[in-house]
J.: 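What follows is a structure written as structure tokens; I'll ask about it next.
Counting starts at 1 for both ligands and their atoms, in listed order.
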Amino acid sequence: MTQIQTPVSETRMLAAFAAPNSGRPPLWLMRQAGRYLPEYKATRAEAGSFLDLCYNPRLAVEVALQPLRRFDLDAAILFSDILVIPDGLGQPVRFEEGVGPVLLRLEDTVDFAQLSIDRMLKHLAPVYETVDRLRAALPRETALIGFSGAPWTLATYMLEGRSTREFHLGKYWAYARPDDFALLVEVLVEAVVEHLSAQVRAGAEILQIFDSWAGVLDDWGFRRWVEEPTRRIVAKLKTRHPEVPILLFARGAGARHAGLAARVGVDGVALDCTVPLQWARQEVQAHTLVQGNLDPVILRIGGAAMQRAVSAILESFAGGRFIFNLGHGILPDTPPEHVAALVNMVREASTNR
Ligand code: CP3
């Protein structure tokens, strides 16, 4: 009887989780779809508001594909936003020009109890349809990444009502009223699990969890509100979808990246650009896959500065389990030619290795 071999990986991205990189590392860029592309601005104008774009599967697929038409990238990422979760749970979100996200603030535990996961799954049906259509539109060698915000980062927006520098309200709940805050985090753990699981059912092959504000908490807060909820999310997803690799972007986690993947059960960590390369090779990449970590400001600058930074990253990480990426999202005023130059640098450096 012929043994049917299940292919270990169909894409460069999935292969990266299974074995150390050989040849060119896989490459995609956080916020690869967005305002730095003129064609994005055109589609965004056609859609109306930013959330109208997120909830329009035809146009959301279009903007997700735009960077892939220009650049040889190994993955597409669902076009959506982390704040569709509060919007779906019943806390309306809007994006204001020049301000960013604006939410009606959650004031108390009574508000937490109004949030509804059933409502979210219905509200976000167009997002899952986008995933489905996007997978169908992509070539087999391009991986599809689904994503979600993590509970702590989502909670900061839900409690503050907008982007903040100081996190007064988030930290107030996190440190002064931990038992009450846990009620909100509990809802968000369930919401993130259901949201990511729905994306996998629709065709997402890799998941990334964004905890963009993980770095603002102290040690106790980091364990309690970053590691603990994320560990529970990952454990639940692993029972449902054991084959799907999960990446965690815990921006600003610094030395807490050591052992983080093992503590929360993820398959890799996305590093921000402040994490030292040699340290990360020894303390992080020795145990898990790393993704990152070019400074998006250096991408915007381009040229020799970018060449130096790209070479340093490749020298440090290219021999292990590695996905090339930025340390944070592409800036809106980045020249698209710099992205093309970056893709060439990664390719050329790797063929010379
Ligand atoms: O291409 C991709 O990476 C996929 C789409 C994506 C967006 N946001 C689209 C977007 C992803 C993965 C995100 C994640 C996200 N959103 C995060 C986590 C990552 C990070 O950057 O730290 C956070 C914190 C948000 C919340 C958010 N969304 C803010 C604060 C803002 C306003 C600031 C800004 O950059 O405009 C957004 C808006 C947003 N999300 C845009 C895009 C393309 C710009 C909207 C526009 O067209 O005006």
J.: Could you check atom 10 (C) of ligand 1 against the protein and tell me its nearest heavy-atom contact, residue, atom and distance included?
T.: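 Answer for atom 10 (C) of ligand 1: Phe50 CZ, 3.3 Å.
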J.: Can you sort out which atoms of ligand 1 are near Phe210, meaning under 4.0 Å from one of its heavy atoms?
T.: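 Once the distances to Phe210 are compared, the set is 12 (C), 18 (C), 19 (C).
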J.: Which of the numbered atoms in ligand 1 are under 4.0 angstrom from any heavy atom belonging to Ser80?
T.: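 Close to Ser80: 5 (C), 6 (C), 7 (C), 8 (N), 9 (C).
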J.: Can you tell me how the ring of Trp152 sits relative to the ring of Phe181, calling it parallel under 30°, perpendicular over 60° and tilted otherwise?
T.: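 Perpendicular: the ring planes of Trp152 and Phe181 meet at over 60°.
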J.: Taking the basic N atoms (NZ, or NE/NH1/NH2) and the acidic carboxylate oxygens, is any pair closer than 4.0 Å for Arg70 and Glu39?
T.: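 Glu39 and Arg70: salt-bridged.
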J.: Looking only at distances, please establish whether an N/O atom of ligand 1 is found under 3.5 Å from an N/O atom of Ser163.
T.: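 The answer is no, given that Ser163 and ligand 1 share no N or O pair closer than 3.5 Å.
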J.: Can you sort out which atoms of ligand 1 are near His328, meaning under 4.0 Å from one of its heavy atoms?
T.: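 Counting from 1, the qualifying ligand atoms are 20 (C), 21 (O), 22 (O).
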J.: Does only the side chain of Thr153 get under 4.0 Å from ligand 1, or the backbone, or both, or neither? Count heavy atoms.
T.: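 Near ligand 1, Thr153 shows nothing, with every heavy atom at 4.0 Å or more.
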J.: Do Tyr157 and ligand 1 have an N or O pair less than 3.5 Å apart?
T.: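 By distance alone, the answer is no.
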J.: So if you build clusters from Ile, Leu, Val, Met, Phe, Trp, Tyr with side-chain heavy-atom gaps below 4.5 Å, do Met345 and Leu326 land together?
T.: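 Same cluster: Met345 reaches Leu326 through Ile, Leu, Val, Met, Phe, Trp or Tyr contacts under 4.5 Å.
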J.: What residue and atom, counting heavy atoms only, is the protein's closest point to atom 18 (C) of ligand 1, and at what distance?
T.: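 In this structure, atom 18 (C) of ligand 1 has Ser212 OG, 3.2 Å as its nearest protein heavy atom.
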J.: Which one of Pro101, Gly329, Gly100 has a non-hydrogen atom at the shortest distance from atom 30 (C) of ligand 1?
T.: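 Selected option, by shortest heavy-atom distance: Pro101.
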J.: Using a strict cut-off of less than 4.0 Å between a Lys/Arg side-chain nitrogen and an Asp/Glu carboxylate oxygen, indicate whether Glu194 and Arg240 qualify as a salt bridge.
T.: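 Looking at Glu194 and Arg240, the cut-off is met.
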J.: To which protein heavy atom is atom 23 (C) of ligand 1 closest, and what is the distance rounded to 0.1 Å?
T.: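 Result: Ile82 CD1, 3.5 Å.
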J.: Using a 4.0 Å heavy-atom threshold (strictly under), name the region of Glu97 that reaches ligand 1: side chain, backbone, both or neither.
T.: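 For Glu97, no heavy atom sits under 4.0 Å from ligand 1.
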J.: Is it the side chain, the backbone, both or neither of Pro332 that has a heavy atom closer than 4.0 Å to ligand 1?
T.: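 Pro332 to ligand 1: no contact under 4.0 Å from either part.
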J.: Looking at ligand 1, does any of its N/O atoms fall within less than 3.5 Å of an N/O of Asp81?
T.: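 Checking ligand 1 against Asp81, an N or O pair does fall under 3.5 Å apart.
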J.: Using only heavy-atom distances, determine whether the side chains of Asp272 and Thr274 contain a donor-acceptor pair under 3.5 Å.
T.: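 Yes, because at least one side-chain N or O of Asp272 sits under 3.5 Å from a partner of the opposite role on Thr274.
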J.: Considering distance alone, does some N or O of Arg31 sit under 3.5 Å from an N or O of ligand 1?
T.: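 For ligand 1, there is an N or O atom that lies under 3.5 Å from one belonging to Arg31.
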J.: Which protein heavy atom lies closest to atom 33 (C) of ligand 1, and at what distance to 0.1 Å?
T.: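 For this ligand atom, the closest protein heavy atom is Arg35 NH2, 4.5 Å.
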J.: Heavy-atom distances under 4.0 Å are what count here, so tell me which part of Arg44 touches ligand 1: side chain, backbone, both or neither.
T.: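 The part of Arg44 near ligand 1 is the side chain, not the backbone.
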J.: Give me the residue, atom name and distance of the protein heavy atom closest to atom 1 (O) of ligand 1.
T.: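 Here the closest protein heavy atom is Ala33 N, 3.1 Å.
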J.: I need the nearest protein heavy-atom contact for atom 43 (C) of ligand 1: residue, atom name and distance, please.
T.: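 Result: Tyr40 OH, 3.6 Å.
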J.: Thinking salt bridges, do Arg321 and Asp267 make one under a 4.0 Å N-O criterion?
T.: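 Not counted as a salt bridge, because no side-chain N and carboxylate O are separated by less than 4.0 Å.
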J.: Just to confirm my output: which protein heavy-atom neighbour is closest to atom 37 (C) of ligand 1, and how far is it?
T.: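 The answer is Phe95 CE2, 3.4 Å.
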J.: Between Gln66 and Glu62, does any side-chain donor sit less than 3.5 Å from a side-chain acceptor?
T.: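 Yes, Glu62 and Gln66 have a side-chain donor paired with an acceptor closer than 3.5 Å.
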J.: Which residue owns the protein heavy atom closest to atom 11 (C) of ligand 1, what's the atom, and how far is it?
T.: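 The protein heavy atom lying closest is Phe147 CZ, 3.7 Å.
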J.: Under a 3.5 Å threshold, yes or no: a donor from one side chain and an acceptor from the other, between Ser311 and Gln307?
T.: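 Yes, because at least one side-chain N or O of Ser311 sits under 3.5 Å from a partner of the opposite role on Gln307.
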J.: Ignoring hydrogens and angles, tell me if any N or O in the side chain of Thr164 forms a donor-acceptor pair with the backbone of Phe167 under 3.5 Å.
T.: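 It does hold such a pair.
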J.: Is it true that Leu78 lies under 4.0 Å from ligand 1, counting heavy atoms only?
T.: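 So Leu78 counts as touching ligand 1.
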J.: Taking NZ, NE, NH1 and NH2 as the nitrogens, is one of them in Lys236 or Glu190 under 4.0 Å from a carboxylate oxygen of the other?
T.: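 Salt bridge present between Lys236 and Glu190.
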J.: Would Val185 and Arg224 count as a side-chain contact (heavy atoms from CB on, under 4.5 Å) if you check the C-alpha gap in whole Å, the side-chain angles of each, and the deciding distance to 0.1 Å?
T.: CA-CA 10 Å; Val185 170; Arg224 183 78 177 82; over 6 Å; no
J.: Inspect the surroundings of CZ in Arg308 and state if more than 12 heavy atoms from other residues, nucleotides or ligands are less than 6.0 Å away.
T.: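 Open: at most 12 neighbouring heavy atoms sit under 6.0 Å from CZ of Arg308.
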J.: Quick one: which ligand 1 atoms are inside 4.0 Å of a heavy atom on Phe79?
T.: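 In order of numbering, the contacting atoms are 43 (C).
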J.: Decide if the gap between the ring center of Tyr40 and the ring center of Phe79 is smaller than 6.0 angstrom.
T.: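 Judged by ring-centre distance (under 6.0 Å), Tyr40 and Phe79 do meet the cut-off.
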J.: Check the surroundings of atom CD in Gln278: do more than 12 heavy atoms from other residues, nucleotides or ligands lie under 6.0 Å from it?
T.: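 Buried by this count: over 12 neighbours within 6.0 Å.
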J.: Within the structure, is a non-hydrogen atom of Gly149 found at a distance of less than 4.0 Å from ligand 1?
T.: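 Per 4.0 Å heavy-atom rule, Gly149 does not contact ligand 1.
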